[in-house]
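Written below as structure tokens is the structure these notes are about.
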Amino acid sequence: MRDLSGGPRVLLKRLRELMAEPLEPQERLDRIVRQIAGNMVAEVCSVYVLRADGVLELYATEGLNKEAVHLSQLKMGQGLVGTIAASAQPLNLSDAQSHPAFRYLPETGEEIYHSFLGVPILRTGRSLGVLVVQNKASRTYREEELEALETTAMVLAEMIATGELKKITKPGLELDLTRSVTIDGDSYNEGIGLGYVVLHEPRIVVTNLLNEDTDKEIGRLAEALGSLRISIDDMLSRRDVSMEGEHRDVLETYRMFAHDQGWVRKLEEAVRNGLTAEAAVEKVQSDTKARMMRLTDPYLRERMHDFEDLANRLLRQLIGYSGRTSAEGFPNDAIIFARAMGAAELLDYPRANIRGLVLEEGAVTSHVVIVARAMGIPVIGQATGIVALAENGDSVIIDGDGGHVHLRPMADHQRSYEEKVRFRARRQEQFRALRSVEPVTKDGKRISLLMNAGLLVDLPQLAESGAEGIGLFRTELQFMIASTMPKAEEQEIFYRNVIKQAGGRVVTFRTLDIGGDKVVPYFRAHEEENPALGWRAIRLSLDRPGLLRTQLRAMLKAAADIELKMMVPMVTEVSEIRAVRELLQKEVQHLSRFGHSLPRKLQFGAMLEVPALLWQLDELMEEVDFVSVGSNDLFQFSMAVDRGNARVSDRFDPLDRPFLRILRDIVRAGQRNKTPVTLCGELAGKTISAMALLGIGFRSISMSPASIGPVKAMLLGLDLKALSTVMEEALDDKHPTTSMRDILVRFAESHNIPL
């Protein structure tokens, strides 16, 4: 390797000085191209910048016709410059005009130049422009010159990324880095969020490019690589990482990359060429990503994400980054962008400032999505590639209703969504005015409106929504966000806090519903083909009675001298209820024996989610004090529909006759057994389906806090007797010609009921 302490090193140092000088953008660019041309003994140096319309515009030149600046243009993929930008690969030509992609621009006067070296100006693998040097003599530029030009392009990438060139961009045009982008994903929670991007793992911006001591930087790089490898080995050796499965596969891939000698050699070479250790990582990362982005193989593209994540980890090791955005620096309207994240990590952020969550990965059943939904924020998942396109502070709109992410939206788009948000806010004000209004139908029937919850952060919404109480408290969320199994004392304190914050309102605790697809990190998972139908909830709890007894004891102690209401999920046979009741009685006897105060009243119930219970309804209701219908799972199991499968999830309507008849049978069983029946699920939270539930006899429904207002507004104008008559006739119709949904819509329109 030849000593590069001269030319390239001097060039980088001078460019850094130019970046620090108080110059106008055009003057800075002009001086940069002059400096590069002089240092590389080139007769031409030009900078082309990519605009949002896909056009590469000449922004500065030394050697070509100055009048061509801001006039000469090439489309992406057009000419040598367009080819470099499109491929994100350099071109080194001894006779440029003989290349098939060459395109002559007469206004530049470049016909007299033959040798050509052009490199893409890259940022996170994206082409922002092209840097070119040219000479009259035919020659092939040396590898050292190519490296020097690529390194110099990093300075220009920083200049473009800071937005400095906006001042010299023609009115009405914008650069590609700031263009509006829309990415479609999957809607995991409804709602609209307007705000600013907060990258969950902030992209490290490398500003110190030039090293002063190569040996020192090589040492820093080696130390950071060693720490990175140790951290990956530690993650692999942790007990919460199963011995097989996707999580371990990803970590094994990280370990393979971290020990890859080819990668390490490229990093060391970049340092020896004059870069700091972190600038070397950024350069190699950007070059590698630019190459891999052209791959079509989904497996290899996924490995690209793994490599990028690993490089970002190495950058954080080098700069000593260990924390996240502080509460003081956190924007008031934050939309969090992440490739993936844990539920507990989401709760680390200031809750009041979060307006939405965007994930590249995840599923509707993942822990972080469950928590985000409990927090009532819109969520978009499977937004592939969105993190690389975003910068901290970018304006963004997420449409949780349609599954769209609008990054750096245009002004008209922004105004349109702002109006939607204002309209929703006005409606919410109207709903808030109904908080203290009794939920009584027009013909005098009182309805119990309850809310679903699972975290302490949910509790303030009890008063805000006007809910009568909590019809479903998902106790598993406490377990899912914890890194270790919550101890009995921790559970007791948690349940006591929930009861205290409920302020005397009823709270119905659901015992643990973990297992299947709700895997807690410290509980060994068993791979199952159909996790929703597998070892979960009551099945797991009865096989691990110590786990269930600890939870029951904590609930009993937390509810001393007051009413305790608890229910068991995923019941398939009445015998399971009897088994849990036995365990509950043992805990009551144990606490009595040792002088502990017990609940003043204990109500014990079951979740009706498994269709097998439909043939055991009378037996079930003799065994319990109340029944709660889990409409989400009951619909999924009854109709053989996987809610996470987009091809079938909308195939059947829960308002169709078969499912409504099932629900009506459950209500009638409750009436003849004098057993209260509540419904908890998405059906209760939509006005039209809530109206249907009331029409078939439900008088207690539980939903998300945001749904309380709209549902109450609907029922206040509802003639329940008239609706029940219409629905009875429609459900008993053996040869229907009209769908139940259409019948409900027509009834609402004719009775002026807001849906």
Side-chain angles (χ1 to χ4, degrees), residues 182-195 333-337 346 351 354-359 362-383 386 396-406 409 413 416-432 449 451-455 457-458 461 464-465 467 472 474 631-632 635-636 641 643-646 649-650 653-655 679-693 701-714 741 754-755:
T182 295
I183 296 287
D184 292 336
D186 295 337
S187 174
Y188 289 164
N189 198 33
E190 295 178 351
I192 294 173
L194 281 74
D333 302 311
I335 309 287
I336 298 172
F337 277 42
L346 179 61
R351 165 66 187 92
I354 302 175
R355 298 291 176 268
L357 173 65
V358 179
L359 301 168
V364 71
T365 54
S366 63
H367 300 177
V368 69
V369 172
I370 291 170
V371 170
R373 294 177 74 180
M375 293 167 71
I377 60 174
V379 183
I380 304 291
Q382 299 299 319
I386 192 72
V396 63
I397 300 169
I398 72 167
D399 183 346
D401 300 338
H404 312 300
V405 182
H406 305 287
H413 221 161
S416 173
Y417 272 98
E418 284 172 352
E419 182 54 39
K420 287 183 182 180
V421 169
R422 281 194 290 270
F423 175 74
R424 288 188 176 212
R426 287 193 296 270
R427 289 194 68 196
Q428 287 301 322
E429 281 298 321
Q430 295 169 358
F431 297 145
R432 272 193 285 273
L449 298 182
M451 67 172 248
N452 302 329
L455 299 164
V457 295
D458 297 330
Q461 296 182 81
E464 292 171 12
S465 66
L472 168 63
R474 305 179 182 95
S631 62
N632 296 352
F635 178 74
Q636 177 174 245
V641 167
R643 286 181 290 148
N645 185 334
S649 58
D650 295 327
D653 189 345
L655 292 185
L679 185 138
C680 310
E682 291 178 12
L683 268 182
K686 296 175 181 175
T687 49
I688 187 169
S689 51
M691 187 175 78
L693 295 175
I701 51 179
S702 188
M703 63 204 76
S704 68
S707 298
I708 299 284
V711 170
K712 185 183 284 188
M714 174 274 294
R741 187 173 289 273
L755 296 180

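On a predicted model such as this, the values are computed, not experimentally measured, just so you know.
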Point to revise | Donor-acceptor side-chain pairing of Asn452 and Ser702 below 3.5 angstrom | key: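 Short answer, yes.
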Point-to-point distance, once rounded to the nearest 0.5 Å, from [atom1] of [X] to [atom2] of [Y]:
X      : Y      : atom1 : atom2 : answer
Ile335 : Leu357 : CD1   : CG    : 9.0 Å
Lys712 : Ile708 : NZ    : CD1   : 7.5 Å
Met703 : Leu679 : CE    : CG    : 9.0 Å
Phe431 : Glu464 : CZ    : CD    : 15.5 Å
Asp458 : Arg351 : CG    : CZ    : 8.5 Å
Leu359 : Ile386 : CG    : CD1   : 11.5 Å

Taking every non-hydrogen atom, the tightest pair across [X] and [Y]:
X      : Y      : result
Gly685 : Ser707 : O-OG, 3.0 Å
Val396 : Phe337 : CG2-CZ, 3.7 Å
Pro378 : Gly193 : CG-N, 4.0 Å
Pro754 : Ala713 : CG-O, 3.9 Å

N/O donor-acceptor pair under 3.5 Å between [X] side chain and [Y] backbone:
X      : Y      : result
Asn189 : Ile377 : yes
Ser187 : Gly403 : no
Ser465 : Gln461 : yes
Asp399 : His404 : no

**Study point:** Salt bridge present between Glu429 and Arg422 (N-O < 4.0 angstrom)
**Key:** no
Review point. Do Glu682 and Arg373 meet the salt-bridge criterion of a basic N to acidic O distance under 4.0 Å?
Key: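 Counted as a salt bridge, because a side-chain N and a carboxylate O are separated by less than 4.0 Å.
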Below 4.5 Å, heavy atoms only, C-beta onward: do [X] and [Y] meet side chain to side chain?
X      : Y      : value
Leu655 : Ile688 : yes
Leu194 : Asp333 : no
Leu693 : Met691 : no
Ile701 : Val711 : yes
Val358 : Ile336 : no
Val405 : Thr182 : no

Practice item. With side chain to side chain contact (heavy atoms under 4.5 Å, CB included) as the test, would you mind laying out the steps for Ile398 and His406 before giving the verdict? Key: CA-CA 6 Å; Ile398 72 167; His406 305 287; over 6 Å; no
Exercise for review: Could you go through the side chain to side chain contact (heavy atoms under 4.5 Å, CB included) check for Leu683 and Asn632 one step at a time?
Suggested key: CA-CA 8 Å; Leu683 268 182; Asn632 296 352; over 6 Å; no
Review point. Where do Asp186 and Ile380 land on the side chain to side chain contact (heavy atoms under 4.5 Å, CB included) test, with the steps shown first?
Key: CA-CA 6 Å; Asp186 295 337; Ile380 304 291; over 6 Å; no
Check your understanding: Checking Lys420 against Tyr417: charged group under 6.0 Å from the ring centre and within 45 degrees of the axis?
Key -> yes
